[in-house]
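Beneath this line is the structure, given in structure tokens, with notes to follow.
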Protein chains: 2
Amino acid sequence: MSTPTAGAPRRATISDVAREAGTGKTSISRYLNGELSVLSPQLRARIEAAIERLDYQPNQMARGLKRGRNRLIGMLVADLTNPYSVEVLQGVEAACHALGYMPLICHAANEVDMERRFVQLLTTYRVEGVIVNALGVSEETLRPVGGGGIPAVLVDRSVEGLVADMVGLDNEGATALATRHLVERGFDQLWFVVQPFAHISSRRQREAAFHQALRQYPQASGRTVVLELDDADELAQTLSALDAELDAAIAAREQRDGALASSAAPRVALFAANGPVALALARHLNQRHGANWQKRVALLSIDDPEWAELAGITTIRQPTYDIGYRAVEFLHERIDGAQASARDCLLPGELIERASTAR
Amino acid sequence: MSTPTAGAPRRATISDVAREAGTGKTSISRYLNGELSVLSPQLRARIEAAIERLDYQPNQMARGLKRGRNRLIGMLVADLTNPYSVEVLQGVEAACHALGYMPLICHAANEVDMERRFVQLLTTYRVEGVIVNALGVSEETLRPVGGGGIPAVLVDRSVEGLVADMVGLDNEGATALATRHLVERGFDQLWFVVQPFAHISSRRQREAAFHQALRQYPQASGRTVVLELDDADELAQTLSALDAELDAAIAAREQRDGALASSAAPRVALFAANGPVALALARHLNQRHGANWQKRVALLSIDDPEWAELAGITTIRQPTYDIGYRAVEFLHERIDGAQASARDCLLPGELIERASTAR
DNA sequence: TTGTATGCGTTATCAT
DNA sequence: ATGATAACGCATACAA
């Protein structure tokens, strides 16, 4: 059994190559930067050979130091556990590839100090720009970014006090679309379930848009339920309470409509503000009532994770890939010096109808 | 509306701080590196003030260049879409934090040339080590890593011809555990479903271990089904065929056991080699037969994604967090110069029993 | 066409 | 205790 590498044996530098090729460093540098027209064929050949022999690879750190830009951009992700983030990431990566950037992916894992630590780190590495899917807790921690600092574009969430471009879902349109769908399907009690707002703008926007949209439908009533996903005890408690209220609502309806109404019982619909909320709801209901829970209550969610099809959940699918792609394009313009005032790019969602909201 | 930053206004350097504090760069450097004992209180105060005033932050690129190490390690992930990867990643991040490393996350998205491009990039950035969840297609693309190149540790999969440490699931143990569970539950036809092996060692290992384990149970028979997830048409076709065979198997059993056996019909179990396969199977079966599919056939999967509980799937949960954490620890030892021969670290899986394998 | 010299922002060596 | 000065690996203005 052979032994893997330990201390690296010092890599070849540009000077080594120059010596090996019997020339100066300048020519090597020229070769590396594709200034081929100014190199005699012989020299060029010697350089090529030397590079090959020494397995030379230019040191990007040194390069970046010298030229003042390193083609690095930071991608600060709040929660990679959320499929939404991964999908956005794929758009980001594609755009970076196309535009010649290298994204440094930083995963805050929903921890505020992680976020702080990462923006700190990204600035000390002199990234040329940052794409931020922020925790949004405080503009404080994002100080070095946006506004007077390095160019930034926000994804999904804007953060108060931070002036920067932003791209995300058209929350108002998406929510209206979903609400309308539920009402048209005959649900007249709509419960909007959302995580604690914290400072997360998209949650607030969706909730506001929900109540706004509801005003168009006098036949339906709505309420907001806040669900804390990160605390198992509190979550279980809230879900139990919710379940009890559901029982009451169903009982009330049955009583009002008479016995024959039981077949038309499920008139309340749960509207999950995002995928994680929907998963928590579905898990709870499923555990409590088995696969039959869908007969008790409807469920619709913003975000369209892979399992939604399996569980037959109606969703609003976000244009995640495009969101990521556009974000990088925005950032690219800023890095190139665009000075326009902060722009918002709101992309439309798409309704995916499934069994969970059928009659 | 204010306008975001464009071209950065050149950050302060160590020289700027020195001038501002009326001293030399050396003292600033000393201050930054915590050599506080050799600084007079007055100078120290002046430096502190200057740094504050100029909002100075040391340039890590330059630092790394000078000291020859940058505390960067690469984390090459084959597929972030797989929850397994994200979970491993969390262990990696925690360990990096603890050991003072900064992980550069690179997402190959199952593309071979992406993988090649990233190892190239990581070496030119002179990362001190790499954790690789490889596509495994060819040792060729990983040449600069492991063996004679920069220290590397493999995760989940080893790649032929590449000598390096490796940490992952104890595939043999986990598969045996699962097989035994299925047999004990009374299933006597076990179909092991796995993606094309390509060069992915863990798939091969699990399949081999499956047939190996099966030899202990003469009452049960097994076979391997290869499922190509990336080609929708081929996938649909294979799944249909599978479904037909399932019908045949059920019919055969009913005939043999007589009419009364129909209640005890489901004696065939699907053993998914990993989470993505399980999802594909569940989606198909659910779409074809509705929620009742669980009455037709059992399902067990290695990997325990979030939706498994919702769908009631029995799984083998991998110690993902530990896998990531251990990987970084291994790497750390190599970076520090450990010369031992390549080690393997195989961690045990845990059986999570759910409805999908009940009688 | 090719090479020399200087500097990017830091740290390390050596004086003072 | 403090400060010049020389590298680190590379790119570029300038000279040849």
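The figures that follow rest on heavy atoms only: side chains count, while hydrogens, waters and symmetry mates do not. Lettering follows sequence order; numbering is per chain, from 1.
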Regarding S29(A), tell me which of base, sugar-phosphate or nothing describes its non-hydrogen contacts under 4.0 Å with the strands shown. base

Positive for side-chain hydrogen bond (donor to acceptor under 3.5 Å, both in side chains) with Y31(A), one of E48(A), R46(A), R44(A): E48(A)

On the nucleotide dG9(C), are OP1 or OP2 found under 4.0 Å from the side-chain N or O atoms that R10(B) carries? yes

Tell me: CG of L36(A) to P of dT1(C), nearest whole Å? 12 Å

Starting from C1' on dC10(D), measure out to CZ on R69(A) and report it in whole angstrom. 15 Å

Taking the minimum atom-to-atom distance to the side chain of P58(A), which one of dC10(D), dG3(C), dT2(D) wins? dC10(D)

Within the modelled atom types, does a donor on one side and an acceptor on the other bring the side chain of K25(B) and the base of dA4(D) under 3.5 Å apart? no

Hey, does T26(B) reach any base, or is it just sugar-phosphate, or nothing, if we go heavy atoms under 4.0 Å? base

Closest approach to the side chain of N59(B), judged atom by atom: which nucleotide of dT13(C), dT10(C), dA13(D) is it? dT10(C)

Strictly distance-based, threshold 3.5 Å: is any side-chain N or O of E128(B) a donor or acceptor partner for the main-chain N or O of N70(B)? yes

Using a 4.0 Å heavy-atom cut-off, does T124(A) contact any base of the nucleic acid, only the sugar-phosphate backbone, or nothing at all? nothing

Taking the minimum atom-to-atom distance to the side chain of K66(B), which one of dG3(C), dC8(D), dA11(D) wins? dC8(D)

Reading DNA chain D from 5' onward, which residue's closest nucleotide shows up sooner: Q42(B) or L32(A)? Q42(B)

Would you tell me if any nitrogen or oxygen in the side chain of S40(A) comes within less than 4.0 Å of OP1 or OP2 on dT2(C)? yes

Roughly how many Å is it from CD1 in I28(A) to P in dT1(C), rounded to a whole number? 17 Å

Contact class for Y56(A) vs. all strands (heavy atom < 4.0 Å): base, sugar-phosphate, or nothing? sugar-phosphate

Respond yes when some side-chain nitrogen or oxygen of S27(A) is under 4.0 Å from OP1 or OP2 of dG3(C), and no when none is. yes

Both Q60(B) and R30(B) contact DNA chain C. Which one's nearest nucleotide lies toward the 5' end? Q60(B)

Nearest whole angstrom, please: distance from the P of dT2(D) to the CD of E35(B). 13 Å

To the nearest angstrom, the OH-P distance between Y31(A) and dA11(D) comes to 14 Å

Do D165(B) side-chain atoms and R343(B) backbone N/O form a donor-acceptor pair below 3.5 Å? yes

In whole angstroms, how far is the C1' atom of dA7(D) from the CG atom of L65(A)? 13 Å

Could you check whether any side-chain N or O of R157(A) sits under 3.5 Å from a backbone N or O of A134(A), counting only pairs where one atom can act as donor and the other as acceptor? yes

Does R19(B) pair with D16(B) as a salt bridge, N-O distance under 4.0 Å? yes

Nearest-Å distance, CZ (R11(B)) to P (dG9(C))? 12 Å

Interatomic distance where CZ belongs to R67(A) and C1' belongs to dA13(D) [whole Å]: 16 Å

Does R126(A) make a side-chain donor-acceptor contact with the base of dG9(C), cut-off 3.5 Å? no

Proximal nucleotide (of dG9(C), dA11(D), dT2(D)) relative to the I14(A) side chain: dA11(D)

So, does D79(B) use its side chain to make a donor-acceptor pair with the main chain of T81(B) at under 3.5 Å? yes

Tell me what L43(B) touches on the nucleic acid: a base, only sugar-phosphate, or nothing, going by heavy atoms under 4.0 Å. sugar-phosphate

